[in-house]
Amino acid sequence: ERARAEQEPLVLATVIATRGSTYRKAGAQMLIGAGGRYEGILSGGCLEGDLAAHAASVLHTGTPRMVRYDNRGDDDLLWGLGAGCEGGMDVWLVRLDPASNWEPFATLSRCFEHRERAMYAFVLDSAAPAAPGAPSAPAAPGAPAAAPQKPLVPVVASTLAAKPDA
């Protein structure tokens with residue numbers, strides 16, 4: 001809420017997938033601000049510094065990006081039971097700012113305040129022109145048609161349920 005009040009852009013980091021032993025699983029999130037300041041944690045401290053460096057690029061360009069980590073050792077590849085920093089994790093970084101009306105956080109905050117349920121999804125690949133992963137422009141007249149794009153693919157969906165009154 002402070003960043004919204006001060007019109008300070010943030011980066012929302014969302015775990016998209018995990019492999020092996022990780023502290024957090026798909027759907028876990030953290031917010032990263034200017035200067036690498038963050039709220040929340042995804043890996044128990046193993047990846048947050050590097051995520052902050054990637055988030056600086058997203059803050060600057062506004063272009064979302066996927067960051068992939070694979071810290072699995074030979075034992076973890078075999079058993080998948082290593083310590084929390086010894087797994088693999090894919091993290092989607094997206095900028096939140098006044099131009100995007102702070103979504104999805106504005107809606108989630110409103111729902112939490114009114115104790116209403118909410119569900120949201122991130123679309124990482126799409127054939128829709130305004131969605132991520134879509135071609136940037138139609139082919140020029142006479143040019144060969146572009147290969148068909150993948151259909152809308154909601155990769156991560158999360159549900160926020162308000163806490164019952166105490």
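For reference, positions follow the sequence shown, starting with 1. Atom set for the values below is all heavy atoms of this structure, side chains included, hydrogens, waters and symmetry mates excluded.
- Between Ser43 and Tyr23, the shortest heavy-atom contact is O-CD1, 2.9 Å.
- Between Trp92 and Pro64, the shortest heavy-atom distance links the atoms CZ2-CB, 3.3 Å.
- Between Leu42 and Met30, the shortest heavy-atom distance links the atoms CG-SD, 3.6 Å.
- Rounded to the nearest 0.5 Å, atoms CD1 (Ile16) and CE (Met89) are 11.0 Å apart.
- Distance alone, capped at 3.5 Å, is enough to place a donor-acceptor pair between the Thr61 side chain and the Ser57 backbone.
- Applying the salt bridge (Lys or Arg N to Asp or Glu O under 4.0 Å) definition to pairs two or more places apart or across chains, those involving residues 92-114 are Arg95-Asp97.
- Remark: of the listed residues Ser109, Cys111, Pro104, Cys111 is the sole one forming a side-chain contact (heavy atoms from CB on, under 4.5 Å) with Thr107.
- Both Met66 and Val94 belong to a single network of hydrophobic side chains, linked directly or stepwise wherever heavy atoms of I, L, V, M, F, W or Y lie under 4.5 Å apart.
- Environment of CZ in Arg68: sparse, with no more than 12 heavy atoms of neighbouring residues, nucleotides or ligands closer than 6.0 Å.
- Atoms CG and OG1, from Asp90 and Thr14 in turn, are 12.5 Å apart once rounded to the nearest 0.5 Å.
- Counting heavy atoms from C-beta on, the side chains of Val15 and Lys25 never come closer than 4.5 Å.
- Counting heavy atoms from C-beta outward, Leu93 and Leu12 have side chains that stay 4.5 Å or more apart.
- Separating the CG atom in Leu59 from the CG atom in Leu10 is a distance of 7.5 Å, to the nearest 0.5 Å.
- Minimum interatomic distance between Gly36 and Ala52 (heavy atoms only, all atoms of both residues): CA-CB, 3.8 Å.
- For Tyr69, the side-chain hydrogen bond (donor to acceptor under 3.5 Å, both in side chains) partners at least two apart in sequence or on another chain are Asp50.
- For the residue pair Ala55 and Ile32, the shortest heavy atom distance occurs at CB-CG2, 3.7 Å.
- Of all heavy-atom pairs between Gln7 and Pro98, the closest is OE1-CG, 3.0 Å.
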